[in-house]
Peer 1: 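Sharing a structure here in structure tokens format.
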Amino acid sequence: MSWSQVFHTSCLVLLVHLLCLEAVPISLDKTKVNQPEDKASEPPPSVDTGLHYDRYLREVIDFLEKDQHFREKLHNTDMEDIKMGKLAKELDFVSHHVRTQLDELKRQEVSRLRTLIKAKQDIEGGNDMAVDHQALLKQFEYLNHMNPHTFEVEDLDRLIKSATNDLENYDKERHEEFKKYEMTKDHERREHLKTLDDEGRMKEEEHYEEMKKKHADHPKVNHPGSQNQFKEVWEEADGLDPEDFDPKTFFKLHDSNGDGFFDEQELEALFTKELEKIYDPTNEEDDMVEMEEERLRMREHVMNEVDTNKDRLVSLEEFLIATKKKEFLEPDSWETLEQNQAYTDEEMREFEEHLAQQEEDLNQKASDLQKQRDELERQQEQLNSQKVELQQAVEHMERLKTQKVEPPPEVHVEGNAIPEPQGEYHPLPLGHQDMSQNHPGMKQDNHLQNQIPHNTQDLSQPRLQDLPPGHQAVP
């Protein structure tokens, strides 16, 4: 069974299909694109839905489609039952083989999330901190983190509710993003004007008003989803007589995949001719981001008017009912983006205040960083000075080592010889000859005794006081 055949019978499968739609190029007339017959049974290529659990969601759906019982339940379950969890309860009747594959898918997904958590922690510098995976997994609402091993009814219920909620908020988030884009563009233009002199500012303002006027000067835009709008496609794209317009034939012509529904991509293709009236990629005054927003505004409007069961698909029955309404036959004029400012003056004021606060915070951070840099440079200078002083001290000690005077040579005393006195020598005056031989018991003269070096006591020969009695040297 192809993806398109399953989507229209199940909101669950639709959840993936809704955001698999690529934007239709303005130059592409989708109504003239012929689908090859040999590829009609093939599912559309896998395009990322934008959900961070996109792969997990797709693989779960692929395995569930393989179960005959579950596939039959899809045909008999409406959106409200799906949201209330009735479809999820049918998981208990899925074959053991499919359940085993779903178990493995869940284990792989839990492992992937844990890897992401660990990688984020490493980036933030928390390598030494213990990771509480169970606590962190709570933020991923699309699976039951308390049971990481088996895929249960609660897991399917969580997956359905998460995907439904995310897709329902898609248009709301898109509106906010576009509003922010428009305010940023206007803010940057005002800031640029402040940098100009009076003459330059006047020229820039004149140019801006001229571009606005040129952009607004375009043919009348038909109300999206009206008879006039469809007739124009019928005539210009299909090459048929507008007098022969037939809603049922028109629907079948533009139901590109033949599944009996207009999905969002097929609807957006119908607005190509209207968008060509307003936007030209070669014109300076035309913003292609605004063109895409205009396309989505048209699609959103038609869905709100025609999609009565809110499954984000337009069935043939819904389409035929809408063609009989007054809004289809006698529609109001369509106001384009230039006629509807995306933001209010109050929103612009708050936006600029927010930007000013951001700039102030950045300046404060820059100032703090500069102070930290100055302090680090000061500390580096101190370290460099200490390094120089240390090097000088080392060099000084090295010089002292090389300039140190060698100690005097050791004096060896042999027998009764008296060691040669070191330093200055003072000869004895006449009449004071050595009397040590005549007076062996005479005490040594203190003056001469003091001139004998002290290091003679360390000689390897016997010291004077160690000589035998009667062999003492007396001056």
Side-chain angles (χ1 to χ4, degrees), residues 1-20 41-44 46-49 51-114 134 137-168 257-261 263 307-313 315 317:
M1 177 178 292
S2 67
W3 279 74
S4 59
Q5 291 172 318
V6 176
F7 285 147
H8 75 275
T9 59
S10 167
C11 178
L12 170 64
V13 184
L14 173 63
L15 295 177
V16 178
H17 185 65
L18 295 177
L19 287 184
C20 292
S41 60
E42 296 181 4
S46 177
V47 181
D48 195 337
T49 64
L51 302 176
H52 66 87
Y53 49 92
D54 171 78
R55 180 177 176 179
Y56 177 64
L57 175 63
R58 288 177 177 277
E59 291 178 338
V60 168
I61 293 174
D62 287 342
F63 284 126
L64 288 174
E65 285 182 352
K66 296 177 183 179
D67 185 85
Q68 179 65 29
H69 172 80
F70 196 87
R71 190 161 59 246
E72 291 176 356
K73 287 296 179 180
L74 293 179
H75 289 272
N76 302 316
T77 306
D78 57 27
M79 174 173 280
E80 292 303 319
D81 288 340
I82 292 175
K83 289 183 178 181
M84 293 175 63
K86 292 183 178 181
L87 182 63
K89 295 179 181 179
E90 298 298 325
L91 184 67
D92 288 333
F93 303 99
V94 171
S95 67
H96 175 73
H97 176 66
V98 172
R99 290 294 296 270
T100 301
Q101 291 175 317
L102 292 174
D103 293 344
E104 180 60 26
L105 278 179
K106 183 178 180 181
R107 286 192 289 269
Q108 293 176 3
E109 183 67 6
V110 172
S111 176
R112 182 183 75 89
L113 295 178
R114 286 175 173 170
Q134 292 298 333
L137 283 172
K138 289 181 180 179
Q139 60 186 300
F140 302 104
E141 298 180 352
Y142 63 94
L143 53 74
N144 178 15
H145 66 279
M146 298 302 296
N147 174 17
H149 304 295
T150 58
F151 189 94
E152 304 295 342
V153 172
E154 183 179 358
D155 290 292
L156 182 56
D157 187 42
R158 283 171 176 257
L159 186 59
I160 292 172
K161 290 179 179 179
S162 295
T164 302
N165 181 68
D166 291 341
L167 293 174
E168 286 178 348
N257 57 12
D259 64 354
F261 293 84
D263 57 35
D307 179 22
T308 55
N309 65 355
K310 304 304 177 184
D311 63 353
R312 299 177 75 99
L313 291 172
S315 66
E317 182 182 0

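Throughout, residue positions are numbered sequentially from 1 according to the sequence presented.
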Peer 1: Would you check, one step at a time, whether the test salt bridge (Lys or Arg N to Asp or Glu O under 4.0 Å) holds for Arg58 with Asp54?
Peer 2: CA-CA 6 Å; Arg58 288 177 177 277; Asp54 171 78; 3.1 Å; yes
Peer 1: Got a sec: does the CD of Gln68 have more than 12 other heavy atoms crowding it under 6.0 Å?
Peer 2: yes
Peer 1: For Asp259 versus Asn257, what's the shortest heavy-atom pair and its separation?
Peer 2: OD1-OD1, 2.9 Å
Peer 1: If you look at every heavy atom in Asn144 and Glu154, which pair is closest and at what distance?
Peer 2: ND2-OE1, 3.4 Å
Peer 1: So for atom NE2, which belongs to His69, do other residues, nucleotides or ligands contribute more than 12 heavy atoms lying within a distance under 6.0 Å?
Peer 2: yes
Peer 1: Where is the tightest heavy-atom contact between Leu91 and Val153, given as atom of each residue plus distance?
Peer 2: CD2-N, 3.6 Å
Peer 1: Nearest 0.5 Å, what's the CG-CD distance between Asp67 and Gln101?
Peer 2: 10.5 Å
Peer 1: With a 6.0 Å cut-off (strictly less than), is the heavy-atom count around CZ of Arg99, excluding the residue itself, greater than 12?
Peer 2: yes
Peer 1: Is Arg112 salt-bridged to Glu109, cutoff N-O under 4.0 Å?
Peer 2: yes
Peer 1: Report the distance from atom CG of Asp62 to atom CG of Leu105, rounding to the nearest 0.5 Å.
Peer 2: 9.0 Å
Peer 1: About how many Å separate CZ of Arg107 and CG of Leu102, when rounded to the nearest 0.5 Å?
Peer 2: 10.5 Å
Peer 1: Where the side chain of Tyr53 meets the backbone of Ala163, is there a donor-acceptor pair that is under 3.5 Å apart?
Peer 2: yes
Peer 1: Determine, stepwise, if the pair Thr150 / Glu152 fulfils side-chain hydrogen bond (donor to acceptor under 3.5 Å, both in side chains).
Peer 2: CA-CA 6 Å; Thr150 58; Glu152 304 295 342; 2.8 Å; yes
Peer 1: Quick check for you: to the nearest 0.5 Å, what is the distance between Lys89 atom NZ and Lys73 atom NZ?
Peer 2: 12.5 Å
Peer 1: Quick one: does Lys106's side chain have a donor or acceptor within less than 3.5 Å of a partner on Leu143's backbone?
Peer 2: no
Peer 1: Please report the shortest heavy-atom distance between Leu313 and Asp307, naming the atom on each side.
Peer 2: O-OD1, 3.0 Å
Peer 1: Report the distance from atom CD of Glu65 to atom CZ of Phe70, rounding to the nearest 0.5 Å.
Peer 2: 10.0 Å
Peer 1: Minimum heavy-atom separation for Ala88 to Leu156, with atom names?
Peer 2: CA-CD2, 3.6 Å
Peer 1: For the rings on Tyr56 and Tyr142, is their centre-to-centre separation under 6.0 Å?
Peer 2: yes
